[in-house]
Amino acid sequence: MLFHVHMNVHIPVDMDPDALADTVARERAYSQELQRSGTWVHIWRIVGEYANFSIFDVASNDELHGILSNLPLFPYMDITVTPLATHPSDVTAG
């Protein structure tokens, strides 16, 4: 199942810089592991924002929820999830 996920990050202004650096490093490692596994199919930065649009390929809603809630930056995110389906006009769809 494919999902379009919009993640908007809101880091508290008073967050300890060392804690922030550690959290961002763990976030990067976790997200890159998911990308290498094929679960996190695409990620695009949104220009001018601390946000991204991503595509996930997972077996279920519950799997996606588990992945997102394990993101180290999850407590500081607003997340919108949209399930995707093949479009009948897609020439590459088989």
| field | Closest non-hydrogen atom pair between A51 and H6, with its separation | value | CB-NE2, 4.1 Å
| query | Do you know the tightest heavy-atom contact between M7 and S54? | reply | CE-OG, 3.9 Å
| task | Mind jotting down which residue pairs meet the side-chain hydrogen bond (donor to acceptor under 3.5 Å, both in side chains) criterion with at least one end in residues 69-91? Sequence neighbours excluded, please. | result | H10-D78, D90-T92
| query | Quick one: CG on L20 to CE on M15, what's the gap to the nearest 0.5 Å? | reply | 5.0 Å
| task | For residues 45-66, pull every pair meeting salt bridge (Lys or Arg N to Asp or Glu O under 4.0 Å), keeping only residues two or more places apart or in separate chains. | result | none
| query | So if you build clusters from Ile, Leu, Val, Met, Phe, Trp, Tyr with side-chain heavy-atom gaps below 4.5 Å, do V41 and L34 land together? | reply | no
| said: Check the orientation of F53 and H4. Use parallel for under 30°, tilted for 30 to 60°, and perpendicular for over 60°. | reply: tilted
| message | Suppose we screen for side-chain contact (heavy atoms from CB on, under 4.5 Å). Which residues come up paired with D22, at least two apart in sequence or across chains? | response | R26
| said: In the structure I gave you, are the side-chain heavy atoms of M1 and L84 within less than 4.5 Å of one another anywhere? | reply: no
| Listed by chain and number, what are the ring pair (Phe, Tyr, Trp, His ring centres under 6.0 Å) partners of F56, not counting sequence neighbours? | W40
| Validation row: L73, I11 side chains within 4.5 angstrom (heavy atoms) | yes
| note | In terms of heavy-atom contacts, P75 and L71 come closest through CD-O, 4.1 Å
| query | Who pairs with V81 by side-chain contact (heavy atoms from CB on, under 4.5 Å), at least two apart in sequence or on another chain? | reply | F3, V5, L64, L68, I79
| said: According to side-chain hydrogen bond (donor to acceptor under 3.5 Å, both in side chains), does anything in residues 28-37 pair up with another residue at least two apart or in another chain? List the pairs. | reply: S37-T39
| Shared hydrophobic cluster, Y50 / I43 (ILVMFWY, side-chain heavy atoms < 4.5 Å) | yes
